[in-house]
Structures are given as structure tokens and as C-alpha cells.
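Comments concern the structure below.
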Amino acid sequence: MGMAASWQSPPLSIYIHLPWCIRRCPYCDFNVHATAHKPFPEAQYVEALLRDLDYALPAIADRQITSIFLGGGTPSLFSGRAIARLLAALKSSLAFAPEIEISLEANPGMADSARFVDYAEAGVNRLSIGVQSFNDEKLRALGRIHNGRAARHAVRTALAAGLANVNVDLMYALPTQSVAAALDDIRQLIDAGVPHISWYQLTIEPNTLFHSRPPVLPDEELAWQIQEQGQQCLAAAGYEAYAISTYARQDKDKCAHNINYWRFGDYLGLGAGAHSKISEAQGAIRREARHRLPQAYMNKAGSGAVIVDERQLAEHDIVFEFMLNALRLTQGFTTSLFAQRTGMNISSIEPQLAHAEERGLLQREGARIRPTRTGSNYLNDLLQPFMPYNKPPTGIKRN
């Protein structure tokens, strides 16, 4: 594949992983560690994050930071004081973009209004709340520690905290869920005036409790009905589906951090199990992964020993990863963005583009390449021509 002359360094975000939860949900396959109300080493972990930042600085010191995302785990287990210390250190070490987006994930049950205000004063301007459902029966089936009342309180509290943006995560196709029940969850968020909604299908992932003890989920036809009617409900209420499973009322409500991922921007990952993607000279892309176990991470943070995997992406991997991200966007990508982010000419993947277009999964509008509605619904089928060595996908997701 040929290198394009228009390659340039992409925007840079920071992801910070805060790995503790009260307990692990049975569908969760993230790197989380249950604390069950036991003390966790908040101060020690923050100090490790700061050492990790110092170690990573030489590779990113001259680049502006466009967004920060504190994910987990349950970051809202951390005190406002700890978040303020962390963000202050980042700001003193790095150049923040004038309109930087700083997001923090929170769970109902940890929705204390004073804590949310503390986060806002520390610099957080966007909260992402993991509600999943307002239905008590469905929440119990998902193993959540909150109920519908706590979920509604968390949403109201976040909206009143003076933050620039609030996202709420909802799941659908839950155990024994009906279309009416799924639509009721959506309408509660619409009525509350939530500006951004992430609405995605529950899927059973390996290495989860649900994988070993699968619940009874709606069949494919019912899940499809829920998806179609839910999308219609959101559209009628003025929410734009700007990416798969992602809806915003206005452009300013869209998640800048996720958009940077989907446009194949760079990100530095700090924290236990965090991953990084850093672009280097003329299109070379380096990936890193840090120790997953919190204690090992804290012991090794600040030195190269914290990195457990490091590699440079081959050209075919770059193409696949770009497509994996960019084709989540409803508007897809432009040929110039492909060249800027990959260092390659779009002509280098013309056979794959043509194949996807012939199957009705992709469409071209001048210099823009975007998924069709069918392509978005069957993303794995759309991605198959771009997979390294054209390996078949492992499954089809509609979310």
C-alpha cells in the first residue's frame, strides 16, 4: 500500500482507567475489580497515575490535549479531591485545548450532588451515567446495585450540577424485555431533557457470568423491533444518530472524546489495563498496553516496566483499525481523513471499497465514504473486506 503525502499528526486525547467497582456486573468484560465497600487505595493509585504520566510525557509533551475521559470501573467512587489533584497535574504538565472536554463516568448509587459539584469544580464538564434501565426488575436481572428511583435521582442530580453535557447509558434487549418497556426507558430520558444518550444492545461477552449462565434474552426478531422503534422514538424527539448506538440533540452535545477515537485520532491511556495509540513520524502507529492488575500497575508505574505489550501496527492493521472506528460514524469519513490518519492513499483499498459498495453496505458521495443503514446494522459484514488477511468476522452485532 502506498504512503500518502498528506499525513499529519492527529488530535490527542487522554484516557484514564479507574478500575474499582462496588461489584462486577454479570455482563461486564472490562478490567474492573470489586471493592464491595472495602477501602481501596485512592491516594496511592492517583500517585501511580501521576508517575505514569511523567513517564509518558516525552512522547506527547509538544501536543495539545483535546479531551480527557475518566472511565472504569466506577470513577465516581473517587473523591472530588482526588479527581482535582489528578486534573491539576495534567493541566500543569500538558497543553489543554481551549474547549477541552473532560468526561467522568458515574453510576447511580454514587450520585451525591455535592460530589458532582466537586467534580465540576475540579474541571469535569461532562458526566456519563451508567443507568442501563429504569425498570427495577431489569436492573436486578443485570446485577446492578441501584434501582429505578436511584437512576432517576442520578440523572436529575447530574443535570442540575452545572455541567456542560450529560450522557446516559441505556441497554436494550434485556432479559424478558418488551418493546414497550424498552421505549419507556428511552422516554424517561427524553422527558428529563438528557442531551446525549448511548443506547445499545445487551450482548453476551466471553469471560462474563452471563456467558457461563446465559439469561433468556429477546429473540432476534423482537430485538430488531425494539431497535427500530427505539431509533424512531429518538429521531422524533430530535436526537441525531451520529454514530452506532449514539444519539445527541445538538452538535455541541456530541462526545468529542469518542469522535476522536472514531476518526482514528491518538490517545494516551493511563491506569491499570489502559491502552494507547500514538502516531509517530510519517504514519507509523505504536500501540501500548499497561498492567491490568491494580497492584502490579501501582508497583511499576513511572517506568517502562508498566508496559506489558508494545508494537507497531502493520499497514493492513492500520487500515482495519481505521475502518473499525470510522465506519461507526453515520457520516463515515472523507478520503482526505483516511490519508491524514493512515498515511496511505485511498486508492490502496479500492477493491475492498468496491466489494462493500456492491453488497449495499457502503456508499460514496464525492469524497465522502459512509455506511448505508444496512452497513451500520451489520457492521461486521461491512468490515470483513478490510480485516487483516480477510479473516471472517466472529459474529454479527446490530448495535
Side-chain angles (χ1 to χ4, degrees), residues 21-32 34 72-74 105 107-109 128-152 155 167-190 194 197-235 239 241 243-247 324 328 371 373-384 392-399:
C21 280
I22 297 298
R23 72 182 182 208
R24 176 185 284 276
C25 295
Y27 57 83
C28 177
D29 67 341
F30 297 144
N31 181 34
V32 303
T74 305
E105 289 184 332
N107 280 338
S128 182
I129 305 174
V131 165
Q132 313 312 353
S133 178
F134 293 101
N135 183 291
D136 287 350
E137 177 190 350
K138 300 299 178 278
L139 289 168
R140 285 193 294 270
L142 291 172
R144 303 293 287 177
I145 64 170
H146 66 274
N147 57 22
R149 181 178 179 182
R152 286 183 284 273
V155 172
N167 167 69
V168 173
D169 285 353
L170 276 182
M171 287 182 175
Y172 70 91
L174 306 180
T176 71
Q177 188 177 46
S178 66
V179 174
L183 294 181
D184 180 66
D185 279 345
I186 292 173
R187 291 190 180 110
Q188 290 197 54
L189 290 185
I190 293 170
V194 172
I197 298 172
S198 300
W199 188 60
Y200 53 95
Q201 184 174 348
L202 171 63
T203 55
I204 306 301
E205 302 292 348
N207 303 314
T208 64
L209 183 61
F210 273 179
H211 189 261
S212 59
R213 303 178 198 169
V216 178
L217 301 181
D219 62 27
E220 188 172 339
E221 182 178 351
L222 179 55
W224 183 251
Q225 291 176 18
I226 292 173
Q227 178 180 313
E228 287 212 308
Q229 293 189 39
Q231 289 173 341
Q232 292 167 9
C233 181
L234 287 161
Y239 288 81
I244 292 175
S245 307
T246 311
Y247 305 82
L324 178 66
R328 290 188 63 88
R373 188 163 185 262
T374 301
S376 291
N377 288 332
Y378 294 93
L379 182 60
N380 280 4
D381 281 2
L382 171 54
L383 291 171
Q384 185 173 353
T394 57
I396 295 174
K397 287 187 179 179
R398 281 209 173 102
N399 61 345

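With hydrogens and angles ignored, the 3.5 Å screen pairs a side-chain donor or acceptor of N167 with a backbone N or O of S198. No donor-acceptor pair closer than 3.5 Å links the side chain of S376 to the backbone N or O of R373. R140 places no side-chain N or O within donor-acceptor distance of the main-chain N or O of I145, the cut-off being under 3.5 Å. Checked by atom type and distance alone, the side chain of T246 pairs as donor or acceptor with a backbone atom of I244 at under 3.5 Å.
A 4.5 Å side-chain heavy-atom check between R24 and F30 finds every atom pair outside the cut-off. Between W199 and S245, every side-chain heavy-atom pair lies at or beyond the 4.5 Å cut-off. Counting only heavy atoms from C-beta outward, the side chains of T74 and I22 never approach each other to under 4.5 Å. Side chains of L189 and F134 form a contact here, defined as non-hydrogen atoms less than 4.5 Å apart. The closest side-chain heavy-atom distance from L217 to P175 is below 4.5 Å. Proximity of V131 to P108: side-chain heavy atoms (C-beta onward) are separated by under 4.5 Å at one or more points. A 4.5 Å side-chain heavy-atom check between I186 and L234 finds at least one atom pair inside the cut-off.
Here the straight-line distance linking atom CG of L170 with atom CD of Q201 works out to 14.0 Å at 0.5 Å rounding. Note that SG of C28 and CZ of F210 are 11.5 Å apart. Values are rounded to the nearest 0.5 Å. To the nearest 0.5 Å, atoms CG (L324) and CG (L379) are separated by 7.0 Å. In this structure, OG on S128 lies 9.5 Å from CG on N107, to the nearest 0.5 angstrom.
Taking all atoms of both residues into account, the shortest heavy-atom contact from H211 to I204 is CA-CG2, 3.6 Å. Nearest heavy-atom pair across V194 and V155 is CG2-CG1, 3.7 Å. For the pair K138 and Q177, the tightest heavy-atom approach, listed with the atom from each and the gap, is CE-CA, 3.6 Å. Summarising the geometry of A151 relative to H146, their closest heavy-atom pair is CB-CD2, 3.9 Å, with the distance given to 0.1 Å. Between A173 and L202, the closest heavy-atom pair is O-CB, 4.0 Å. The shortest non-hydrogen separation linking P218 to T176 is CD-N, 4.4 Å.
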Worksheet item: Run the side chain to side chain contact (heavy atoms under 4.5 Å, CB included) check on Q132 and D169 step by step: do they pass?
Response: CA-CA 6 Å; Q132 313 312 353; D169 285 353; 3.8 Å; yes
Worksheet entry | Stepwise side chain to side chain contact (heavy atoms under 4.5 Å, CB included) check, M171 with S133 | CA-CA 7 Å; M171 287 182 175; S133 178; over 6 Å; no
Worksheet entry | Worked verdict on L174 versus L142 for side chain to side chain contact (heavy atoms under 4.5 Å, CB included) | CA-CA 8 Å; L174 306 180; L142 291 172; 4.0 Å; yes
Item to complete: Under the salt bridge (Lys or Arg N to Asp or Glu O under 4.0 Å) rule, what do E137 and R144 come out as? Steps first, then yes or no, please.
Response: CA-CA 10 Å; E137 177 190 350; R144 303 293 287 177; over 6 Å; no
Worksheet item: Is there a side chain to side chain contact (heavy atoms under 4.5 Å, CB included) between I190 and Y239 once you walk through the steps?
Response: CA-CA 9 Å; I190 293 170; Y239 288 81; 3.8 Å; yes
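Around the CG atom of N207, the shell of radius 6.0 Å holds no more than 12 heavy atoms that belong to other residues, nucleotides or ligands.
Under the 3.5 Å distance criterion, with hydrogens and angles disregarded, a donor-acceptor pair is assigned to the side chains of Q188 and D184. Between the side chains of D29 and T208, no donor-acceptor pair is found at a separation under 3.5 Å. Neither side chain, E205 nor Y27, offers a donor N or O lying under 3.5 Å from an acceptor on the other.
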